[in-house]
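Structure record follows, encoded as structure tokens.
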Amino acid sequence: MENIDIKKVAQLSRLEIDEDKMSKFQKDFVAILEYFNKLKEVDVSDVAPMLSVIDENKNVYREDREDKRGRQEKEISRKEFLERAPEKKDNYLKVKAVLK
Amino acid sequence: MSNNLYKLDIKKVIENLKVKEFSSEELVKSVCDRIKKVDEKICSFLSTDFEKSIQEARNIDQRRSKGEDVGLLAGIPVAVKDSIMTKGFKTTCGSKILKDFMPAEDATVVERLKKSGAIIIGKTNLDEFAMGSSTENSAFCVTKNPFDLERVAGGSSGGSVAAVSADECIFSIGSDTGGSIRQPASFCGNVGLKPTYGRVSRYGLVAMASSLDQIGPITKTVYDSALVMEVISGYDAKDATTVNGKDSSYLSILGKDIQGLRIGVIKELMTEGINNEIKNKVEEAIKKLQDLGAIIEEVSLPSLDYSLAVYYIIMPAEVSSNLARYDGIKYGYSAIKNDQEKINNLLDVYLKTRSAGFGEEVKRRIMLGAYVLSYGYYDAYYLKAQKVRNLIKNDFEKSFKKFDVLLSPTTPTLSFKIGEKTNNPLEMYLTDICTVSANLAGVPAISIPVGLTKDNLPIGLQFIAPHFREDQLFKVSYAYEQSSERIAHPNL
């Protein structure tokens with residue numbers, strides 16, 4: 001198994017692994033990926049990937065019409081949303097600068 | 001009777017409430033006392049609100065005495081897995097990242113339960129974000145097996161299952177992505193059902209793997225399971241994967257005989273890897289089913305040998321996407337609020353929030369998912385797994401041409417000791433080997449208790465049916481259950 005750059009995978013996932021846990025984490029990660037090698041035995045030349053679990057879920061549509069249900073029924077209120085927000089200002093959600 | 005009301009099942013409660021043998025208030029008080037007595041030892045619950053529950057029971061008693069229609073499950077205490085949103089109860093998903101999160105709305109299943117009069121008695125413990133097979137990954141506590149407090153209740157719906165086993169509720173609701181209802185039900189001697197994908201709304205279930213997750217009931221009897229399914233099943237406009245027009249009235253099928261029912265014993269799930277006591281009990285159950293008239297043969301589903309690998313590729317892939325929302329920006333724990341964290345920029349908010357908020361197993365699965373979806377690896381892992389997934393579904397469909405239901409043990413092992421498998425993630429994953437394939441194919445599957453080992457540990461038997469054929473599961477399970485002795489309550 002090639003050397004997996006665990007730090008890179010963690011960065012992609014927006015995670016940090018403690019240095020002292022790193023080597024066991026890497027070992028376990030590699031062991032799991034090696035288990036996946038089992039799939040090399042399977043011939044899938046005539047098989048399509050599964051797109052919907054049950055046939056009834058293919059192409060589920062709704063009417064192209066405005067949803068006239070009252071706001072309350074459809075979504076939580078701005079107040080309820082902001083109550084749960086870590087940082088807010090003037091009735092808006094506040095975040096760190098996205099662009100430099 | 002009044003002291004042991006908590007021991008009753010739904011059917012008995014409904015019968016007794018009808019003739020005013022006791023009141024909902026007495027029932028709820030009995031359950032609350034039971035929780036107070038045993039939950040310290042077991043840790044099924046993460047939150048309860050006894051005063052509120054008792055008040056709700058009082059309201060129902062009052063309305064009932066006025067002749068109002070209070071609903072099918074009126075006054076009956078139900079425990080709900082803490083990954084299902086409940087207004088008025090925190091929903092933590094067993095994680096530090098949501099440890100104080102209070103939902104603004106109820107999940108659809110919760111709404112339907114409340115509409116039928118059921119009383120949410122509390123939220124139950126689970127492996128963090130439903131990732132695990134023992135609740136040892138919960139950020140808060142480990143749920144013990146009521147039959148042996150040194151062993152696990154199973155997972156990830158360990159809290160929900162132990163609560164039913166220990167009579168800390170009359171029934172409970174869990175979720176099953178790779179066996180998270182069935183495996184603990186098997187470990188703790190209960191009836192656990194994973195419905196067909198699309199049968200029960202996932203709206204309000206905190207998503208783990210969206211193509212695999214299903215909510216289902218955990219009950220003391222098969223009848224109760226069928227009854228709860230009638231309440232919670234059905235199309236929901238808020239969940240586009242639910243299906244319209246599928247009949248979900250199962251009670252009428254209970255009691256029909258299984259003469260001529262064709263049962264296939266899955267060869268790939270009866271290997272030497274299965275614990276001997278489990279295998280023996282399953283063979284005994286097969287004989288009993290034959291005595292009841294079923295025609296039983298072995299059947300091979302060769303692609304099932306790959307189901308664990310397929311599951312542990314697809315599930316983490318979906319997890320990595322579904323857990324991206326926990327970023328410390330909109331809700332939940334945020335590193336910004338933590339004075340001890342140095343936050344210089346937006347990336348720090350994400351890194352520090354997620355690293356502190358998530359446990360190790362959650363991080364592992366997010367990273368596995370990111371890896372198998374990444375450029376250069378997508379074809380070999382994710383795309384391949386999605387193709388093999390279709391092979392698995394095809395194998396099931398092929399076998400259902402010849403058989404009405406399939407049969408296997410629910411788990412390869414008995415409930416294991418706490419700490420026994422925490423050092424080796426892959427070994428923990430292998431305990432799912434009998435259950436994951438039903439999620440991959442979307443077919444319904446049930447685990448029923450079929451006996452105890454010589455050490456008093458429960459053994460579960462699994463039945464699997466075609467899509468939307470829960471009626472077959474109920475028919476065969478009920479027939480088996482009615483012809484067997486009910487396993488003893490745990491000694492608590």
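Below, read A as the first sequence line, B as the second, and so on, with proteins coming before strands; counting in each chain starts at 1. Side chains are part of it too, since the values below use all heavy atoms of this structure and drop only hydrogens, waters and symmetry mates. Quantities reported herein were computed from a predicted structural model and do not represent experimental measurements.
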Nearest heavy atoms of [X] and [Y], plus distance in Å:
| X | Y | value |
| --- | --- | --- |
| A:Val53 | B:Ser211 | CG2-O, 3.4 Å |
| A:Ile17 | B:Lys363 | CD1-CD, 4.0 Å |
| A:Ile54 | B:Lys393 | CA-NZ, 4.2 Å |
| B:Tyr331 | A:Pro86 | N-CD, 3.8 Å |
| B:Ile366 | A:Ser13 | CG2-CB, 3.7 Å |
| A:Ala31 | B:Leu426 | O-CD2, 4.0 Å |

A:Glu56 and B:Lys246 ion-paired at < 4.0 Å: yes
Ion pair A:Glu16/B:Arg354, N-O distance below 4.0 Å: no
If you define the side chain from C-beta out and look only at heavy atoms, does anything of [X] sit under 4.5 Å from [Y]?
| X | Y | result |
| --- | --- | --- |
| B:Leu391 | A:Val47 | yes |
| A:Pro49 | B:Leu383 | yes |
| A:Leu12 | B:Met367 | no |
| A:Phe36 | B:Lys384 | no |

Pairwise distance CD(A:Glu80) to NZ(B:Lys87) - rounded to 0.5 angstrom: 6.5 Å
Checking heavy atoms, do the side chain of [X], its backbone, both or neither come under 4.5 Å from chain B?
| X | answer |
| --- | --- |
| A:Val95 | side chain |
| A:Asp18 | neither |
| A:Lys40 | backbone |
| A:Lys24 | side chain |
| A:Val60 | side chain |

NZ or CZ of B:Arg364 within 45° of A:Phe29 ring axis and under 6.0 Å: no
B:Lys330 charged N/C atom sitting above A:Phe81 aromatic ring, 6.0 Å / 45°: no
Contacting moiety of B:Ala441, where chain A heavy atoms sit under 4.5 Å: backbone
Engaged part of B:Phe101 at the chain A interface, taking heavy atoms whose separation is under 4.5 Å: side chain
Top contributor to chain A contacts, counting heavy-atom pairs under 4.5 Å, from B:Ile314, B:Leu308, B:Val310: B:Leu308
Top of B:Leu212, B:Asn423, B:Asp305 for chain A proximity - count of heavy-atom pairs under 4.5 angstrom: B:Asn423
CG (A:Asp46) with more than 12 external heavy atoms under 6.0 Å: no
Partner residues of B:Leu346 under the side chain to side chain contact (heavy atoms under 4.5 Å, CB included) criterion, sequence neighbours left out: A:Lys96, A:Val98, B:Ile329, B:Tyr350
